[in-house]
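See below for the structure under consideration.
Keep in mind that what you see is a predicted model, and the values were worked out from it rather than measured. Atoms within each ligand, like the ligands themselves, are counted from 1 in listed order.
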Amino acid sequence: MSKAATQLARTKSPVPPGWRKEVESVLITDAQLARRVRSLAREIERDYRGREMVVVSLLNGTVLFLADLIRHLSLPLRLDFIGVSSYGAGTESGELVFTKELRLDVRGRDVLLVDDILDTGKTLSRVIPKLRALKPQRLKVCVLLDKPSRRVEEVAADYVGFKIPDVFVVGYGLDFAERYRNLPFVGVLHPHVYKQVNQSVAKPVRRR
Ligand code: 5GP
Ligand code: MG
């Protein structure tokens, strides 16, 4: 477990005017994110030193975190993605569907699995056994955010950026109905935004 899974003090940083209708508060500022991601990279570098790693990242929520994390890793690495989607437009996780499979061979490799947020644990409890079955030599898990109070599956991450309370967050890659990924900070969504959607389109949307 990451030593410094940073505990959050409330930030006084105001929500930028353009987002105030939808975003209630800033939970983690861009400066806090940048600092913590750099220190996570240093922890990872220490543990993986001298070996080529394969970074496996879960799409789509990791894009900003991943880009910042790997530019601070001065190690030889290869990068690949697994696509997972949880159908249902609301804030509750629905049925898990794999939308992209891993392409790189990870057998005998040192793998780092990167995800945006560990919530109920349902996603990682499906993905981790799938990766283990490919026989990597080492598999560690890195998540930007962890909501321990919501866990229903027994999953823990080796590297955790921030432990957060049970609030629905968006930004820095995290979405609500595919929006808000581009916010440079992690913010708490106004419940009125997801209450509308949870009521009107909470039925699972299946792609064929
Ligand atoms: P789990 O399977 O652990 O319940 O949840 C993992 C996935 O649920 C995350 O990768 C993310 O897509 C979504 N998720 C869980 N909590 C949040 C949240 O607070 N905000 C957003 N945007 N997504 C979340
Ligand atoms: Mg997501």
Side-chain angles (χ1 to χ4, degrees), residues 1-2 5-6 8 10-11 15 19 22-28 30 32-33 37 55-69 81-100 102 112-131 140-198 201-202 204-205 207:
M1 175 54 104
S2 166
T6 305
L8 282 170
R10 277 238 169 265
T11 71
V15 176
W19 297 108
E22 297 141 283
V23 177
E24 188 175 80
S25 58
V26 173
L27 187 66
I28 313 174
D30 54 354
Q32 288 175 308
L33 287 164
V37 171
V55 175
V56 175
S57 196
L58 297 188
L59 294 170
N60 299 332
T62 54
V63 282
L64 274 69
F65 173 43
L66 177 76
D68 288 342
L69 182 73
F81 298 91
I82 296 179
V84 273
S85 204
S86 154
Y87 286 92
T91 55
E92 296 300 320
S93 41
E95 185 193 345
L96 209 68
V97 180
F98 286 89
T99 57
K100 186 202 169 296
L102 197 67
L112 179 72
L113 176 61
V114 178
D115 200 6
D116 52 0
I117 180 166
L118 177 51
D119 182 29
T120 64
K122 287 180 186 167
T123 307
L124 287 178
S125 71
R126 288 276 308 279
V127 174
I128 291 170
K130 206 172 144 79
L131 267 177
K140 292 207 175 204
V141 177
C142 173
V143 295
L144 176 68
L145 306 176
D146 184 8
K147 274 191 219 171
S149 62
R150 294 253 309 161
R151 205 79 87 249
V152 298
E153 300 286 340
E154 215 176 286
V155 188
D158 302 284
Y159 308 98
V160 174
F162 300 89
K163 284 191 179 158
I164 65 167
D166 181 11
V167 286
F168 191 80
V169 291
V170 292
Y172 198 60
L174 288 120
D175 73 308
F176 175 66
E178 297 306 327
R179 296 172 61 216
Y180 311 107
R181 293 196 198 274
N182 55 321
L183 306 192
F185 56 89
V186 172
V188 180
L189 197 62
H190 261 306
H192 74 77
V193 178
Y194 57 80
K195 283 204 177 112
Q196 276 167 6
V197 176
N198 279 346
V201 275
V205 184
R207 278 200 206 128

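- Remark: the backbone N or O of Lys122 is paired with a side-chain donor or acceptor of Thr120 at under 3.5 angstrom.
- With hydrogens and angles disregarded, a donor-acceptor distance shorter than 3.5 Å links the side chain of Lys147 to the backbone of Val167.
- Under the 4.5 Å side-chain criterion, counting only non-hydrogen atoms from C-beta, Leu174 is in contact with Leu145.
- Salt bridge present: Asp146 and Arg151 bring a charged side-chain N and a carboxylate O closer than 4.0 Å.
- The residue from Leu131, Val84, Val155, Asp119 that alone fulfils the side-chain contact (heavy atoms from CB on, under 4.5 Å) condition with Leu124 is Val155.
- Across the listed options Asp116, Asp166, Thr123, Val169, Val169 owns the non-hydrogen atom lying nearest to atom 20 (N) of ligand 1.
- Close approach of ligand 1 to Lys122 (heavy-atom distance below 4.0 Å) involves ligand atoms 1 (P), 2 (O), 3 (O).
- Atoms of ligand 1 lying under 4.0 Å from at least one heavy atom of Gly121, given by number and element, are 1 (P), 3 (O), 4 (O).
- For ligand 1, the atoms sitting less than 4.0 Å from at least one non-hydrogen atom of Asp175 are 21 (C), 22 (N), numbered in the order shown with element in parentheses.
- Not a single heavy atom of Gly61 lies less than 4.0 angstrom from ligand 1.
- Those atoms of ligand 1 with a heavy atom of Thr120 less than 4.0 angstrom away are 1 (P), 2 (O), 3 (O), 4 (O).
- When heavy-atom distances to ligand 1 are checked against a 4.0 Å cut-off, Lys147 comes that close only through its side chain, counted from C-beta outward.
- With a 4.0 Å heavy-atom cut-off, ligand 1 is reached by the backbone of Val167 but not by any atom from C-beta on.
- With Val55 as reference, Val114 is the one residue of Leu113, Val114, Leu69, Thr62 to meet the side-chain contact (heavy atoms from CB on, under 4.5 Å) rule.
- Judged by distance alone, the side chains of Ser85 and Thr99 never bring a donor and an acceptor atom under 3.5 Å apart.
- Checked by distance only, ligand 1 and Leu118 stay at 3.5 Å or farther apart across all their nitrogen or oxygen atoms.
- Checked against side-chain hydrogen bond (donor to acceptor under 3.5 Å, both in side chains), Arg126 has no partners two or more places apart in sequence or in another chain.
- The closest heavy-atom contact to atom 14 (N) of ligand 1, among the options Thr62, Ile117, Asp115, comes from Ile117.
- Residue Phe168 places no N or O, backbone or side chain, under 3.5 Å from any N or O of ligand 1.
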